[in-house]
Amino acid sequence: MKTAISYPTVGAMGKTGTWRVFRPSLDREKCIKCWRCWIFCPDSAISRDEYPVIDYEYCKGCGVCANECPVNAIEMGREEK
Amino acid sequence: MVSFRGEIVAIKDLPLDEYVLKGHAACPGCPITIALRIALKALGKKTILVIPACCTAVIEALYPKTAFNVPILNIAFEASAAGASGVASALKMLQQKDITPVVWAGDGGSYDIGLQALSGALERGTNFIYVCYNNQMYSNTGIQRSGATPYGAWTTTTWTGKKERQKELAEIVMAHHIPYIATATIAYPEDLFNKMKKAKEIKGSRYIEILAPCPPGWRFDMSKTVEMSKLAVETGAWVLYEVVNGKMEFNGYSKRILEGKERKPVEEWLKMQGRFRHLKEEELAKIKEMLDEKWKEYKKLYSSETSPDK
């Protein structure tokens, strides 16, 4: 008998980006790379490259990153489509 | 940047490893996943999570997938500490010394339902870390009152405001004389990371409590999670300390308050939350009075710990 084990999967609940109503967008010129958006993202959707990279496939649009940015480099705009 | 005690003091130095994978089932703006991400960065891959019924059991997502990249044991509501005792014994028999069993339970599963199992495990000196993320209510089942709900707060079962005071689980745990107890919150990730790291290195029972402001439960905007957690510390509604082998030390902003910095008025924190919207003048006065009383106690503890004759 096979044991019922769950395996770690990215997107275990599907593409959670579809939940989003407000879309964060980063202004690279303002960004000071303090990485507060990265550490406070509840969805691990911001990764670290030269600048923060937002994964729109999984970002739920909560706005914590925009609220915590000390220089207001992230702006929340309504999702269009 | 690393301080002279070997503690990480800048966010950019926190490890890049992610153990909470994208696309989990948490509400937008959830404090639990922020806390768990930081905690698992400190604990590393060699961790076994024991999770009772709580929000985190839902965040994991459904069979056959899971959103956490560490082994998890899901267990009944009241049995998390007992289950972790079993895991710890098994690891001891297998001589796996570098694997840490960690309970990740909510305040319902710690303050109310899991308290006797927790007390038993602490008394036996089980080699594990118990983390209670405290959102001050049963959020998962739809916002019911728990032992951690503060005086005056609205929940679906106390809809005119809770009439009783919350209990202090960290102080109950302190009475078990375990080697490490700490309180933390998500607004100070370096502090939380260092406390987790410190707990990992100590042998025996360790207890960490994390304040997790819940946007749908506390009735505030989902983007304000971290701000709310920071305000809780700045107004004195939450306190940061650690107790190592019975010696109490306050940290961060709470220490600065005890050194003479003015506490922000607690109304600032209360009025941001819809659950305190109905508060009357006399109830607000009572909350303030209870808070002042609590801080008088902390002040006494602080001065006795720092007095020169000790």
Side-chain angles (χ1 to χ4, degrees), chain A residues 2-24 31-70 72 74-79, chain B residues 10-38 40-41 45 58-74 186-190 192-193 212-213 215 220-230:
Chain A
K2 212 179 143 201
T3 324
I5 295 176
S6 295
Y7 291 93
T9 319
V10 172
M13 283 309 271
K15 304 267 188 240
T16 49
T18 55
W19 303 11
R20 191 170 61 241
V21 180
F22 290 95
R23 183 190 182 89
C31 180
I32 53 165
K33 300 183 201 172
C34 65
W35 304 113
R36 281 176 74 79
C37 53
W38 164 72
I39 198 71
F40 289 133
C41 179
D43 294 287
S44 325
I46 299 181
S47 50
R48 282 172 65 165
D49 199 351
E50 194 191 339
Y51 286 95
V53 182
I54 304 169
D55 187 342
Y56 292 106
E57 244 172 47
Y58 295 105
C59 165
K60 290 173 187 162
C62 62
V64 168
C65 51
N67 198 54
E68 290 313 310
C69 183
N72 294 324
I74 300 176
E75 212 172 297
M76 302 299 289
R78 208 176 168 88
E79 194 75 39
Chain B
I11 289 173
K12 67 175 170 55
D13 298 321
L14 295 171
L16 288 170
D17 323 324
E18 288 299 351
Y19 297 104
V20 177
L21 303 175
K22 300 169 198 175
H24 52 67
C27 308
C30 182
I32 302 165
T33 45
I34 302 177
L36 190 58
R37 274 184 69 208
I38 300 165
L40 287 177
K41 276 175 198 297
K45 193 148 183 66
V58 178
I59 295 168
E60 277 170 46
L62 306 172
Y63 176 78
K65 294 169 180 172
T66 164
F68 302 160
N69 204 359
V70 287
I72 305 165
L73 173 67
N74 282 108
I186 52 165
Y188 303 96
E190 315 89 326
L192 175 55
F193 180 88
F220 63 85
D221 188 79
M222 59 192 175
S223 64
K224 303 268 188 282
T225 310
V226 177
E227 195 181 329
M228 198 62 83
S229 142
K230 193 172 181 195

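Just so we're clear, the structure is a prediction, and the values are computed from it rather than from any experiment. Residue numbering restarts at 1 for every chain, and letters A, B, ... go by the order of the sequence lines.
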Next item on the list: Taking T66(B) for its side chain and S6(A) for its backbone only, find out whether a donor-acceptor pair lies under 3.5 Å.
Entry: no
Check: What are the two closest heavy atoms between R48(A) and L14(B), and how far apart are they?
Finding: NH1-O, 4.1 Å
Notebook entry, point to check: chain A heavy atoms under 4.5 Å from K224(B): which part of the residue, side chain, backbone, both or neither?
Noted result: both
Next item on the list: For residues E227(B) and E68(A), report the shortest heavy-atom separation together with the two atoms involved.
Entry: N-OE2, 3.5 Å
Note to self: Is it the case that the side chain of H24(B) and the backbone of P42(A) share a donor-acceptor pair, with hydrogens and angles ignored and the cut-off at 3.5 Å?
What the structure shows: yes
Notebook entry, point to check: To the nearest 0.5 Å, how far apart are CD1 in I11(B) and CZ in F40(A)?
Noted result: 5.0 Å
Note to self: If you compare all heavy atoms of A25(B) against all heavy atoms of W19(A), which two are closest, and at what distance to 0.1 Å?
What the structure shows: O-CH2, 4.1 Å
Margin query: Donor-acceptor pair, distance only, cut-off 3.5 Å: does the side chain of K12(B) make one with the backbone of K33(A)?
Written below: no
Check: Which atom names give the shortest non-hydrogen contact between G29(B) and C62(A), and what distance separates them?
Finding: N-CB, 3.2 Å
Item checked: Which atoms of Y63(B) approach chain A - backbone, side chain, both or neither, heavy atom under 4.5 Å -> both
Checklist line | Sub-4.5 Å side-chain heavy-atom contact between R37(B) and C41(A) | finding: yes
Check: Do side-chain atoms of N67(A) reach the backbone of S223(B) as a donor and acceptor pair under 3.5 angstrom?
Finding: yes
